[in-house]
Every structure is written in structure tokens, then in C-alpha cells.
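Throughout, numbering of the chain's residues begins at 1 and tracks the sequence. Note that ligands are numbered from 1 as they come in the structure, with each ligand's atoms numbered from 1 the same way. All values below come from the heavy atoms of this structure, side chains included, with hydrogens, waters and symmetry mates left out.
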Amino acid sequence: MDVSIVGAGPVGLTIANLLALRGHSVEVFEKQQEAYNLPRAIHFDGEAMRVFQSTGLADDVLKGTLVGKGMLFKDASDNVLIDWSRGQEIGPMGWHESYRFHQPSVEETLANGLKQFGNVTLRRGVEVTGVSQDERSVTLTLADGSQKTSKYVVAADGTNSTLRHLLGIETEDLGFDERWVVVDALLKKPRPDLGDYSVQFCDPISPATYVRGLDNRRRWEMRWAGGKGEADRPSKDELWGMLARWITPEDADLERDAVYQFRSAIAEKWKSGRVFLAGDAAHSMPPFMGQGMCAGIRDAANLSWKLSAVLSGAKNDLLDSYANERAVNVRQFIDMTMRLGRLINQTGAGKAPSGQMKSIWPSLGEGIGMRDEIAGHLVAQPTFDGVLTDTASKHGFYVLADQDFDAEIPVYTTGKEWLREKGVFAVLVRPDGYALAHAGNLIDAKKMVRDWQELAACVPKVTYPI
Ligand SMILES: Cc1cc2nc3c(=O)[nH]c(=O)nc-3n(C[C@H](O)[C@H](O)[C@H](O)COP(=O)(O)OP(=O)(O)OC[C@H]3O[C@@H](n4cnc5c(N)ncnc54)[C@H](O)[C@@H]3O)c2cc1C
């Protein structure tokens with residue numbers, strides 16, 4: 001077995017698809033029989049959609065989405081403090097900037113995607129209880145005492161990660177710790193007044209979030225002073241009491257609710273020998289920006305092409321770049337989320353900053369390639385001959401250039417507006433969409449390709465099953 005994955009949440013399932021598409025054998029162990037069905041992610045961004053594109057499942061994922069309008073921050077008197085509107089056109093990623101979705105449906109799509117492959121097994125109802133490794137392989141112990149050995153293991157086993165505990169990896173507490181109740185309601189009659197924007201009700205006494213879901217599903221997240229932990233739940237009457245400012249039982253049925261302790265934390269190590277942490281196992285943040293899963297999907301994109309390259313002959317130390325590249329990037333989302341959390345929690349009327357907010361696209365941390373205002377950042381994804389460039393390249397390395405030239409890596413003469421805006425002649429794009437290097441002229445562009453063509457040749461091209 002090439003890779004064992006612990007956890008069939010969105011992150012484990014995405015990694016499994018991306019590895020299987022590149023021809024590697026994968027086994028996924030998931031302790032639950034059924035997918036998790038309590039309210040969790042409801043938004044993902046254009047970068048996550050770009051990763052779903054690379055799984056070949058974009059059409060199925062899109063079927064269960066709605067383009068997001070954005071988010072408003074309002075004070076207790078309903079004044080708009082901050083307007084974080086999202087474009088309604090296709091954006092630089094080749095997709096819309098923001099989507100609303102239903103997490104269990106996307107997980108089902110990703111799990112169904114795995115059925116296309118002969119080289120993947122998804123084993124539900126199988127808990128991993130132990131891990132050991134040597135220089136060549138990792139052995140997982142399962143709850144029935146049996147063992148499974150593979151070349152690498154990905155721990156995508158969520159915020160209370162078993163593998164992280166077994167490996168003795170500590171987490172750094174980044175300082176957010178609050179209990180919130182989360183409710184999904186199904187409207188029984190139209191309530192257009194609730195609106196299509198997400199709303200953060202900034203209020204030190206009862207901060208809350210409203211999100212328009214798909215069809216008639218609407219989400220409320222409300223800070224909850226009651227109970228002692230995630231196991232304590234408000235009664236139905238208490239829930240209706242909390243929701244009374246928006247809806248009554250005449251308007252909607254309550255579909256599902258959960259209590260979460262929202263925390264922000266990051267694992268101190270993301271790699272231990274041949275085991276890698278990804279997704280919530282490596283980081284957690286409150287959902288105020290809708291970025292927890294998106295961050296995990298970025299981990300999936302980063303780690304899967306590197307694992308694939310190393311399994312196909314690249315030097316093992318490529319894998320050392322994963323942790324720092326991703327940790328630096330995700331810290332910026334956690335930091336921003338916590339700042340928004342403070343605004344939502346602490347702002348009384350008239351005390352908040354006001355204005356327009358824009359999405360952030362932070363750089364990767366130091367890793368492979370250069371780092372500057374272009375290298376280490378996401379590159380726009382244009383089309384070439386009507387096909388999105390990631391797909392045209394079969395999800396390998398490629399070059400966007402102002403002018404065509406002979407090279408061992410595909411060169412697409414498109415995205416010229418982006419190149420001009422950045423002031424470069426060519427950019428070398430990694431399989432996860434980030435810039436590896438750039439060049440100011442044709443000679444430097446040819447050298448850039450020569451410098452990286454050996455690594456590029458190690459990443460197997462993606463072939464979609466028919
Ligand atoms: C209320 C709320 C709202 C959110 N909103 C958003 C949002 O809008 N946008 C966004 O991007 N993110 C959001 N998130 C975060 C998002 O839901 C998570 O980041 C995401 O689910 C993490 O995915 P994962 O695959 O890393 O982990 P999980 O989805 O937690 O999956 C881990 C899996 O591992 C399994 N597992 C654990 N231990 C073992 C073991 N020992 N053996 C076998 N299997 C094991 C578990 O059963 C589980 O299925 C939200 C979260 C919450 C709570």
C-alpha cells in the first residue's frame with residue numbers, strides 16, 4: 001500500500017481522490033459507519049473549488065452549491081459596520097469567490113468519487129488505535145488488533161486526532177475558546193427578509209451568525225453561556241427562545257443542532273517520520289470566516305502532489321516543505337478569524353471600524369522555490385483553448401507566459417493580464433496552483449523551466465477514469 005489515510009472527512013477524502021488519480025494505492029480508515037451529519041461547514045472559497053476541480057468531481061460538487069453573496073457585519077442596532085461582498089462573476093481562480101454548500105453532500109460526492117478507482121479502499125467502521133514506523137514504512141493498528149502497513153500515512157482524523165495524540169504532538173493554543181450552539185432550520189414558507197448575505201450580529205451580549213444555506217435551509221450560530229461542554233445541549237424551547245429574533249415555529253422546522261467549543265489551535269509539528277497531519281488534525285479555528293475546511297483542502301492539495309512526486313521518484317526531502325508552507329498560510333487565516341471573532345463578540349454600537357472588507361490570499365511559508373510578492377502566492381487560473389489551465393496541464397506543473405517557447409513543461413500563452421499586472425514575462429505554476437518561480441524575460445523563463453523540469457517530471461499526470 002502506498003498511502004493509508006486515517007479519517008474520511010472532506011480532507012481525507014480529497015487526498016484519497018488526488019492520490020488515486022495519480023495512480024497510487026490508497027486505503028482510508030474511518031471509525032464511523034456513516035458520514036458526520038451535524039451542522040458544520042456551509043461555505044467554501046474559489047481556491048477550494050479549484051482543488052475540487054482537480055479531483056475531477058467539480059460538476060458533482062457544483063450541483064450542491066449556491067454562489068455566495070458575501071457577509072455583512074452589523075451592530076446590535078442593525079447598522080452595517082463592515083461589508084464583505086463577494087463578486088458574482090467567475091474570479092481569478094477560474095471559479096466564483098464564494099460558495100454555499102451542505103458539507104455531508106460534498107463528503108458523499110468525494111466518497112462516491114473513490115468508487116471509480118480499483119486502487120482505493122474506503123473502510124468505514126474501522127478505528128485506528130495505534131501507529132509505529134521505521135525508515136521504510138508505517139504500520140497502523142486497527143481496533144480489532146489487525147495491522148496495516150503502508151509507505152506513508154496521512155492523519156486526517158479531525159480536531160481530536162488520535163494519531164496526533166499517539167505521536168505525542170502538542171498543539172499551540174492560539175487563544176480562542178467559546179461555546180456556541182449551531183442550528184440548521186428548514187423554512188416552511190419563504191422569508192426573503194432574512195436575506196442572501198451571511199450576517200455577523202456583533203453584540204457583546206448575544207453575538208450570532210446567520211447564513212443562508214441551499215434551498216430552504218438557514219443556519220444560525222449563537223454564543224451560548226449555558227451547559228458545561230459539547231455534550232450539553234439546549235432544549236428545543238431554549239433554541240426557539242434564542243431564535244425568536246429571526247424565526248418562530250410557524251416559519252421553520254429545526255433540522256439539526258449541535259454545541260461546539262470553538263477553539264483556535266495549531267499542531268506544533270505536522271510531520272513525524274512518514275506520518276503527516278492534515279486538516280483539523282493540524283489546525284482548528286472558529287467558523288467566522290468559513291475557512292476551517294478550506295484550509296484543510298489546501299493541505300490536501302499541497303501534500304498530495306508532493307507525496308505523489310516522492311512515490312514516483314522525487315527526493316524525499318520535498319515532503320519536508322509541506323508543514324511550514326501550510327502552517328504559515330493557515331496561521332494568517334486563524335489570525336484574521338480571531339480578529340473577526342473579537343469584533344463579533346465585543347463590539348457595541350458605534351465602536352466598530354466600518355467599511356469594505358476584502359478576501360485574503362496569504363502566501364505559503366518558506367518551502368520549495370522562491371518567496372516574494374509572486375512566488376509562494378496563488379496564481380490566477382485562466383483558460384487556454386477554452387480549458388482551465390490546471391485541467392489542460394493534467395494537474396502537473398505548467399508555465400503561463402507572454403510568449404510561447406519550447407520547454408519540457410507545458411507553456412500556455414494566456415493569463416496575460418495577470419502577468420502584466422505582476423510585471424513578469426512568465427510564471428511557473430505548481431500542481432496546487434501556487435507560483436514556484438517567475439521570470440522577467442524569455443531567457444530567464446527557459447532557465448526557470450530547466451531548473452524545475454526534473455521535479456515536474458516526477459509528478460504523474462492526472463488521468464480521469466472513464
Ligand atoms: C459549526 C461549524 C461551522 C463550520 N463552517 C465552516 C465553513 O463554513 N467553511 C469551512 O471551510 N469550514 C467550516 N467549518 C470547519 C469544517 O467543518 C472542518 O474544518 C472540516 O470538517 C475538517 O475536515 P477534516 O477532514 O480535517 O476532519 P473531520 O471532518 O473532522 O473528519 C475526521 C474524520 O476522522 C475520523 N476519525 C477520527 N479518529 C479516527 C480514528 N482513530 N480512526 C478512524 N477514523 C477516525 C472521524 O470519525 C471523522 O470522520 C465549520 C465547523 C463547524 C463546527
Exercise for review: Please state which part of V6 comes within less than 4.0 Å of ligand 1, counting heavy atoms only: side chain, backbone, both or neither.
Suggested key: side chain
Check your understanding: Looking at atom 30 (O) of ligand 1, what's its closest protein heavy atom, distance included?
Key -> R40 NH1, 3.1 Å
Review point. Tell me, which protein residue and heavy-atom name are nearest atom 31 (O) of ligand 1, and how many Å apart are they?
Key: G9 CA, 3.5 Å
Point to revise | ligand 1-proximal atoms of V182, by part, heavy-atom distance under 4.0 Å | key: side chain
Practice item. Provide, to 0.1 Å, the distance between atom 26 (O) of ligand 1 and the closest protein heavy atom, together with that atom's residue and name. Key: D280 N, 2.9 Å
Review point. Do any nitrogen or oxygen atoms of E30 come within less than 3.5 Å of a nitrogen or oxygen of ligand 1?
Key: yes
Check your understanding: Quick one: are the ring centres of W220 and F201 less than 6.0 Å apart?
Key -> no
Check your understanding: Does any N/O atom on T159 come nearer than 3.5 Å to any N/O atom on ligand 1?
Key -> no
Check your understanding: With sequence neighbours left out, which residue pairs that include part of residues 48-67 fulfil the ring pair (Phe, Tyr, Trp, His ring centres under 6.0 Å) condition?
Key -> F44-F52
Check your understanding: Polar-atom distance check: K31 versus ligand 1, any N or O pair below 3.5 Å?
Key -> yes
Review point. When you check the gap from the basic side-chain N to the acidic O, do R298 and D45 get nearer than 4.0 Å?
Key: yes
Exercise for review: With sequence neighbours excluded, tell me which residues meet side chain to side chain donor-acceptor pair (under 3.5 Å) with N17.
Suggested key: none
